[in-house]
Amino acid sequence: MTKVFGHRGCSGTYPENTMLAFRKAVEAGVDGMEFDLHLTKDNKLVIIHDETIDRTSNGSGAVRDMTLEELRQYDFSAAFPGEYGVCRIPTLEEYFEMVKDLPLISNIELKTGVWEYPGIEQAAIDMVRAYHLEDRIIFSSFNHTTVERCKALAPDIKCGFLTENWPSRFGAYTALHGIECCHPPLHMLSEKTVAEMHDAGCEINTWTVNTEEDAKRLAGWGVDALIGNYPERMLGWIK
Ligand code: G3P
Ligand code: MG
């Protein structure tokens, strides 16, 4: 059965990558959660999409130039002004506190495409181990070297290659690197590409699925998980 993952939580309806958006996704009954990880100046793991806080908060500047305490001063509800009160930037630890006893898959996307944040892989793995969540995690990244580092450091934790470049034989490439999951954008998928990835033994978790038509087509092809901004709606479409 195709799984439903919240993309940055219920990010179509609530401020993305906030505890509110994650809580709403859990309440809706999602199978999993996708979110994005960066490292602060004082080496704390924080959940945010961009390298800077400019788009999603009432502040400005790069995450890597600020301490967690500094980042915590800002309100990350910029996309929904005044609607939901103040939303602080979540840490990975805070997120794990919420999901630690739930049968929920957490897809942690390491945002190492601009800055590599040396040590982010080990720090994330240490946090996963501290909460004994090894069997409910997928590490993914567009930076495939990051993913390979995760796999080498923690062979027992599932990993996925993200791509937006329409690679030919993406399943074979992923399997060749000993990585379990393909995370392609939905427009890259056809019956043929889905079969290629599945034949290579890979799990397919695709993004960003926001319409009923797309969700039903992809579920019909047996795609393993659909990552979308309205997971609360998608559950009704395909379950
Ligand atoms: O992990 C799937 C998707 O989130 C990748 O793109 O830019 O939304 O993080 P982005
Ligand atoms: Mg992401």
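Just so you know, residue 1 is the first one in the sequence shown, and it goes up from there. Whatever order the structure lists ligands and atoms in, that order sets their numbers, starting from 1. Here the structure is a predicted model, which is why all the values come from computation and not from measurement.
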Under 3.5 Å: N/O of Trp207 near N/O of ligand 1: no
Check: Trp207 ring centroid to Phe142 ring centroid under 6.0 Å: yes
Leu162 contact mode with ligand 1 (heavy-atom cut-off under 4.0 Å): side chain
Protein heavy-atom partner closest to atom 1 (O) of ligand 1 - residue, atom, separation in Å: Glu34 OE2, 2.7 Å
Within 6.0 angstrom of Lys3 NZ, more than 12 heavy atoms from elsewhere: no
Contacting atoms of ligand 1, where contact means under 4.0 angstrom from a heavy atom of Phe142: 5 (C), 6 (O)
Among the N, O or S atoms of Glu109, the one nearest the Mg ion (ligand 2): OE1
Option whose closest heavy atom lies nearest to atom 5 (C) of ligand 1, chosen from His7, Glu109, Lys111: Glu109
Arg169 CZ: over 12 foreign heavy atoms closer than 6.0 Å: no
Glu134, CD: over 12 other non-hydrogen atoms inside 6.0 angstrom: yes
Heavy atoms from other residues, nucleotides or ligands near CD of Glu69 exceed 12 (cutoff 6.0 Å): no
Asp36, N/O/S atom nearest the Mg ion (ligand 2): OD1
Contact check, His183 vs ligand 1, heavy-atom distance below 4.0 Å: no
Option from His177, Glu121, Glu180 for which side-chain hydrogen bond (donor to acceptor under 3.5 Å, both in side chains) with Lys151 holds: Glu180
Nitrogen or oxygen atoms of Arg8 and ligand 1 under 3.5 Å apart: yes
Check: Phe22 ring centroid to Tyr95 ring centroid under 6.0 Å: yes
Under 3.5 Å: N/O of His49 near N/O of ligand 1: yes
Atom name in Glu34, limited to N/O/S, at shortest distance from the Mg ion (ligand 2): OE2
Mutual orientation of the aromatic rings belonging to Tyr173 and His144 [parallel < 30°, tilted 30-60°, perpendicular > 60°]: tilted
Contact check, Ile227 vs ligand 1, heavy-atom distance below 4.0 Å: no
